[in-house]
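Everything below concerns the one structure shown next.
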Protein chains: 2
Amino acid sequence: MNKLTIKDIAKKFNVSISTVSKALNDSYEISDATKEKIQKYAKENNYKPNFNALSLKNRSTKTIGIILPTMLNYFFAQVFNGIEKTALERGYKVITCISNESYDKELEIIEMLSNGSIDGFILSMSKETEINANFSHFQETIENGIPIVMFDRVASAIECDKIITDDFNGALNTVEHLYKSGHRKIGFVSTLSNLHIGQQRFLGYKKGIETVGLPFNEEYVINIIDTDYKKYEEILSPFLKKNKLDSIITTGESAAVASMKAALKLGYQIPKDMSVIAFSNGILARHSSPKMTTISQHGELMGETAATILIDRLENKLTDFTKKVIKTDLVIRDSSK
Amino acid sequence: MNKLTIKDIAKKFNVSISTVSKALNDSYEISDATKEKIQKYAKENNYKPNFNALSLKNRSTKTIGIILPTMLNYFFAQVFNGIEKTALERGYKVITCISNESYDKELEIIEMLSNGSIDGFILSMSKETEINANFSHFQETIENGIPIVMFDRVASAIECDKIITDDFNGALNTVEHLYKSGHRKIGFVSTLSNLHIGQQRFLGYKKGIETVGLPFNEEYVINIIDTDYKKYEEILSPFLKKNKLDSIITTGESAAVASMKAALKLGYQIPKDMSVIAFSNGILARHSSPKMTTISQHGELMGETAATILIDRLENKLTDFTKKVIKTDLVIRDSSK
DNA sequence: ATGAAAGCGCTAACAC
DNA sequence: GTGTTAGCGCTTTCAT
């Protein structure tokens, strides 16, 4: 019942614990005979070195702390997946906590884990943190020798490794794509205008409009904030109606679904009368009717990249801080022409 | 940079480490004066007792191992959420690993964490494990003194705490509901017929059909297995056409979405000509057109319950093994009449 | 080739 | 009221 320790093995063979330790670690100091019998016994009895003893000794836990704003969002779930996969491959485990978009919770989590529980953090900060630009907890963590890798929602004021989506060009390229396929009244629906990524997407949209030579019309842009997705449709319906748009880009899937529903109710056909393209990672896009054309964000790759960078840093394979930009892909489905 | 330890504090005040330890733990043995100055200093310098040292000493890590088949599924993400929330409230953290429906991976994860990394497991086994009925790794873990709480996909052969959905009655009640609202040709679409939960849902359906006094017709049941969701629609279209069903129950959201699409293409109106009801947790149901009536599964509650039970067990508040059944709720939306 | 001992950071039983 | 010591499980340096 109680775990087998090095001490038990030592007693069993009437040797010292250091002999056992060395034998198990295949030290040249130990005779083949002893090594063999000890290793055999250890294997048969399913010996495993105690994790906490090792961590204490090595001052390294081989575990990564992940802080996510939520798990109930396909993007973050995908990022988690990428981190977990890469971490396991490289012999690390992950402790995952959810901030629920709350600064206090985020702080609490960081404090809770900054006691030798983890070697480093991978995180995307909470909305509250970003909006209040309250970054001192990150700074302190780093100063205490715990590296942080930020992804998606990153703090430019903090010096650390960062992985971001190419939101700007994702939006810009989409505008160009829509223009080339004949659209001239391109709208922009944002539910993220209070976040940096939302602003980047907007700026990319605006730049795109300029690039193709269309006039920028503020009326074609709507920011929906602090609103439940259930209200999106009723907010978007008049917006679409008034502006007679022939296409819209949305910063997320829910808004795109609501836009399509509103448009269909207004008698539009999609994509004939209106194209809808959303920043997305997935699930709704593939199941909506019509299936949604998306600016795809590669959450899993983002997670893999974040884990690789953090582990490389922990293993001293990195010097300067990196800022990796993950390109988006325009995935053409049936909601755009 | 390097973490403050009890030793550093002892040196600072020229006292012994045990004095510091006692002072920090507010022992009655220590004078108020020393306690105060030491506690103050500790607080100011952000002292935190080393996690690994504590775990080693107490033989308890206050961390829970979670093994999920996937995170890219709203149900499991919800369960995770419930576990993480409850765990944190009770002072536990969670290490989360993904089995990807693979037995080998599941085994590997269990072995990796069974070295004092965690105090107990909460898991839902992989499909492969369930299909091959390969449960010895669970048995051994429990025998080694590491408690397991299983949820959703549970092994009846293993004696441990279990939380399951009331799949049987969820299906049965839905059949009765459909019958009462005038449906007579009720179909059943399963994508989980190789899992126990899928069988329970089917048995509930069958029992329901008997209960309301309809003839059980095998033709009205279709099992889709090892097939990508993209193919669902083309598989379901002839099935719906041939049987002229007036309603179907599906074991999951994707199949329900595909059914609706197939039905609409066949010229059916939903719910006028056909009602669709799915076992579900969410996301697609609320965004589909029409919005989906669901047999809702309460993933978050399941997670909270699992965490509560595991922690109670770890803290010796439990004796006999419990088997908690979580009721489903029929959430009426627009895909059924 | 093997063992003794120190130390990772902490607690607690037992001195003083 | 404060200090000494042993021990949690392990590695590693330094004897032997």
Side-chain angles (χ1 to χ4, degrees), chain A residues 1-39 41-42 45-63 113-119 144-146, chain B residues 1-39 41-42 45-63 113-119 144-146:
Chain A
M1 172 98 178
N2 251 332
K3 289 255 57 162
L4 188 68
T5 71
I6 227 173
K7 206 169 162 183
D8 302 326
I9 303 182
K11 200 174 293 167
K12 163 84 187 173
F13 291 106
N14 256 310
V15 294
S16 76
I17 56 162
S18 51
T19 302
V20 176
S21 173
K22 286 170 187 166
L24 291 172
N25 290 309
D26 234 344
S27 161
Y28 67 96
E29 298 179 73
I30 306 296
S31 75
D32 286 349
T34 6
K35 271 204 275 196
E36 208 164 311
K37 71 179 177 191
I38 288 180
Q39 287 175 4
Y41 181 80
N45 293 77
N46 203 22
Y47 167 80
K48 292 200 206 68
N50 179 285
F51 166 76
N52 293 296
L54 277 184
S55 297
L56 188 57
K57 185 84 188 135
N58 301 335
R59 295 136 166 285
S60 137
T61 60
K62 293 264 193 181
T63 113
L113 296 181
S114 297
N115 62 353
S117 290
I118 50 99
D119 295 343
N144 277 321
I146 303 179
Chain B
M1 173 99 177
N2 250 332
K3 289 254 55 159
L4 188 68
T5 72
I6 227 172
K7 207 169 164 184
D8 302 326
I9 304 183
K11 200 173 295 166
K12 162 86 186 172
F13 290 105
N14 256 310
V15 294
S16 77
I17 56 163
S18 55
T19 303
V20 176
S21 174
K22 286 171 188 165
L24 291 173
N25 290 310
D26 233 343
S27 162
Y28 66 97
E29 297 179 75
I30 306 296
S31 76
D32 286 350
T34 9
K35 270 205 275 198
E36 209 164 310
K37 70 178 180 193
I38 287 180
Q39 287 174 4
Y41 182 80
N45 293 79
N46 202 22
Y47 168 79
K48 292 201 205 68
N50 180 284
F51 166 77
N52 294 296
L54 277 183
S55 298
L56 186 59
K57 183 88 187 125
N58 301 335
R59 295 137 164 285
S60 137
T61 60
K62 295 266 194 177
T63 113
L113 296 180
S114 297
N115 62 352
S117 291
I118 51 100
D119 296 342
N144 278 322
I146 303 179

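Letters A, B, ... are given to chains in the order of the sequence lines, protein chains preceding strands, and every chain is numbered from 1.
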Between [N] atom [atom2] and [X] atom [atom1], what is the distance in whole Å?
X	N	atom1	atom2	answer
F13(A)	dT2(C)	CZ	P	13 Å
D8(A)	dG9(D)	CG	P	8 Å
R59(A)	dC8(C)	CZ	C1'	6 Å
L56(B)	dG7(D)	CG	C1'	9 Å
K35(B)	dG1(D)	NZ	C1'	11 Å
N115(A)	dC10(C)	CG	P	10 Å
D119(B)	dC8(D)	CG	C1'	15 Å
D26(B)	dT2(D)	CG	P	14 Å

Quiz item: Do other residues, nucleotides or ligands put more than 12 heavy atoms under 6.0 Å from the CD atom of E29(A)?
Solution: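 Atom CD in E29(A) is crowded, with more than 12 foreign heavy atoms closer than 6.0 Å.
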Quiz prompt | Whether over 12 other heavy atoms sit under 6.0 Å from K12(A) NZ | solution =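 No - once you tally the heavy atoms of other residues, nucleotides and ligands closer than 6.0 Å, there are 12 at most.
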Practice problem: List the steps, then state whether side chain to side chain contact (heavy atoms under 4.5 Å, CB included) holds for F51(B) with T63(B). | Solution: CA-CA 11 Å; F51(B) 166 77; T63(B) 113; 3.9 Å; yes
Exercise. Identify which nucleotide among dG9(D), dG1(D), dT4(D) has an atom closest to any side-chain atom of S31(B), counting heavy atoms from C-beta outward.
Key: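 Among the listed nucleotides, the one closest to the side chain of S31(B) is dG1(D).
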Quiz item: Does any non-hydrogen side-chain atom of I9(B) lie less than 4.5 Å from one of L4(B)?
Solution: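 Result yes, sub-4.5 Å side-chain heavy-atom pair found.
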Quiz prompt | Distance (rounded to the nearest 0.5 Å) between I146(A) CD1 and N115(A) CG | solution =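 Between I146(A) CD1 and N115(A) CG, I get 8.5 Å after rounding to 0.5 Å.
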Quiz item: With sugar-phosphate meaning primed atoms plus P, OP1 and OP2, does T34(A) contact a base, only sugar-phosphate, or nothing at under 4.0 Å between heavy atoms?
Solution: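 Counting heavy atoms under 4.0 Å across all strands, the contact made by T34(A) is with sugar-phosphate only.
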Self-check item: Residue of the set N50(B), I17(B), I38(B) for which side-chain contact (heavy atoms from CB on, under 4.5 Å) holds with I6(B)
Solution: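 Testing each of N50(B), I17(B), I38(B) against I6(B), the sole residue satisfying side-chain contact (heavy atoms from CB on, under 4.5 Å) is I17(B).
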Quiz item: Using a cut-off of 4.0 Å between protein heavy atoms and nucleotide atoms, how would you tag nucleotides 10-16 of chain D 5' to 3' with B, S and -?
Solution: BBBBB--
